[in-house]
Amino acid sequence: MKLATWNVNSLNVRLPQVLAWLDEQQPDVLALQETKLEDHRFPVAELEARGYAAAYTGQKTYNGVALLSRQPLRDVQVDVPGLEDEQRRVVAATVGSVRVVCLYVPNGQTVDSPKYQYKLEWLGAVRDWLAGELGRHSRLAVMGDFNVAPEDRDVHSPSRWAGQVLVSAPERAAFSALLDVGLQDAFRLFPQPERVFSWWNYGRLAFARNWGLRIDHILVSPTLAAACQSCTVDPGPRAHERPSDHAPVLATFSE
DNA sequence: ATGGCTTTGTTCCAAAGA
């Protein structure tokens, strides 16, 4: 089984790249963030033609998430109990025996912004929900754009980023709290090269110089962690013409 | 590198992203 996540920064713009990547990588499930599409505009037919079913919840201009799957998506959920949120940031579904959650965590903008408080509250509510989900689903994967670089080794220049949004201590604590309910960062289950990132600023220099952050993650329950065989970032699409600013993250499992 | 791009929409600028 292969699971993947990718912030596409507009599925309307990136659909050709997504279809090509599905053909190339053949993931069983691909979680998408920042689709920026209202539901009636979601490209259901194009994905069906590639053999993928979709569960999605979107809005104009901002946010929007989706799960694409070769197998049927069951028990789709798009709202988190106890979390009042008009922004479309969560979609969950069951594929085979795996419960898959796709998250687009708020960016936060700056540490002194109201959006930063919203980000921390949002992460707290999602943590409480996921704690319950772990009790209901032994095979749970939580994938998405977390907008948190968990450690300094996930940052190209820790000194330059110190205290900033995406790396600040409260955000890292909120990310750790997600792990504390019983999830593991699949990427860190394995030895990894240094300086692996999943996002690079637009602008010609950032990707070429690997000035990036690792903010897209696949978190897994203990049962899935035991079956996990690899977790990698595929920087290929980031080098394409008119790329998303994020690269896909993939994890493979023995069952 | 603190946006030096990119996307979207009450579009010819501004807001937001990360």
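Quick note on labels: first sequence line is chain A, next is B, and so on, each numbered from 1.
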**Item:** First of A/L11 and A/V165 reached from the 5' end of DNA chain B, by closest nucleotide
**Value:** A/L11
**Message:** For a quick check of understanding: with a heavy-atom distance under 4.0 Å over all strands, which category does A/N201 fall into, base, sugar-phosphate or nothing?
**Reply:** base
**Prompt:** Rounding to the closest angstrom, what is the interatomic distance between B/dT11 and B/dT6 at atom C1'?
**Reply:** 15 Å
**Request:** Using atom types as modelled and distance alone, determine if a side-chain donor or acceptor of A/E34 lies under 3.5 Å from a backbone N or O of A/N9.
**Result:** no
**Prompt:** Is A/N7 touching bases, backbone alone, or none of the nucleic acid, heavy atoms closer than 4.0 Å?
**Reply:** sugar-phosphate
**Nearest-angstrom distance, P atom, B/dT2 to B/dT8** = 27 Å
**Under the side-chain contact (heavy atoms from CB on, under 4.5 Å) test, residues paired with A/S10 that sit two or more places apart** = A/N12, A/V13, A/K36
**Fill in**
Joining Ile, Leu, Val, Met, Phe, Trp and Tyr whenever any side-chain heavy atoms lie under 4.5 Å apart, the cluster holding A/L123 also takes in A/V80, A/L83, A/V90, A/V101, A/L103, A/V105, A/Y118, A/W122, A/V126, A/W129, A/L130, A/L134, A/L140, A/V142, A/F146, A/V148, A/F175, A/L178, A/L179, A/V181, A/L183, A/L219
**Fill in**
Note: chain A reaches DNA chain B at heavy-atom distances under 4.0 Å over the stretch, first to last nt, 5' to 3', of B/dA1 to B/dA18
**Item:** Given DNA chain B, 5'-ward residue of the pair A/R41 and A/W199, judged by closest heavy atom
**Value:** A/R41
**Request:** For A/E171, enumerate each residue passing the salt bridge (Lys or Arg N to Asp or Glu O under 4.0 Å) test, keeping only those at least two apart in sequence or located in another chain.
**Result:** A/K119
**Prompt:** By a strict heavy-atom criterion of less than 4.0 Å, which residues belonging to residues 237-246 of chain A are in contact with DNA chain B?
**Reply:** A/R242, A/H246
**Request:** Evaluate the ring planes of A/H246 and A/W199, with Trp represented by its six-membered ring, and classify them as parallel (under 30°), tilted (30 to 60°) or perpendicular (over 60°).
**Result:** tilted
**Asked** How far, in whole Å, is B/dT7 from B/dC12 if one measures between their C1' atoms?
**Response** 16 Å
**Request:** Could you pull out all residues at least two apart from A/S230 that satisfy side-chain contact (heavy atoms from CB on, under 4.5 Å)?
**Result:** A/T252
**Item:** salt bridge (Lys or Arg N to Asp or Glu O under 4.0 Å) partners of A/R127, counting only residues at least two apart
**Value:** none
**Request:** Answer with base, sugar-phosphate or nothing: what part of the nucleic acid does A/Y104 contact at a heavy-atom distance below 4.0 Å?
**Result:** sugar-phosphate
**Prompt:** What nucleic acid atoms does A/W211 come within less than 4.0 Å of, heavy atoms only: base, sugar-phosphate, or nothing?
**Reply:** base
**Message:** What's the gap between B/dA14 and B/dG4 when it is taken at their P atoms, as a whole Å value?
**Reply:** 14 Å
**Prompt:** C1' atom, B/dG3 versus B/dA18: distance in rounded Å?
**Reply:** 10 Å
Result block: side-chain N/O donor-acceptor pairs under 3.5 angstrom for residues 156-165 of chain A, not counting sequence neighbours:
unit_1	atom_1	unit_2	atom_2	d
A/H156	NE2	A/W161	NE1	3.0
A/S157	OG	A/R160	N	3.4

**Item:** Distance, C1' atom - from B/dT10 to B/dC5, rounded to whole angstrom
**Value:** 24 Å
**Fill in**
For residues 71-82 of chain A, the side-chain hydrogen bond (donor to acceptor under 3.5 Å, both in side chains) pairs (sequence neighbours left out) are A/D79-A/R88
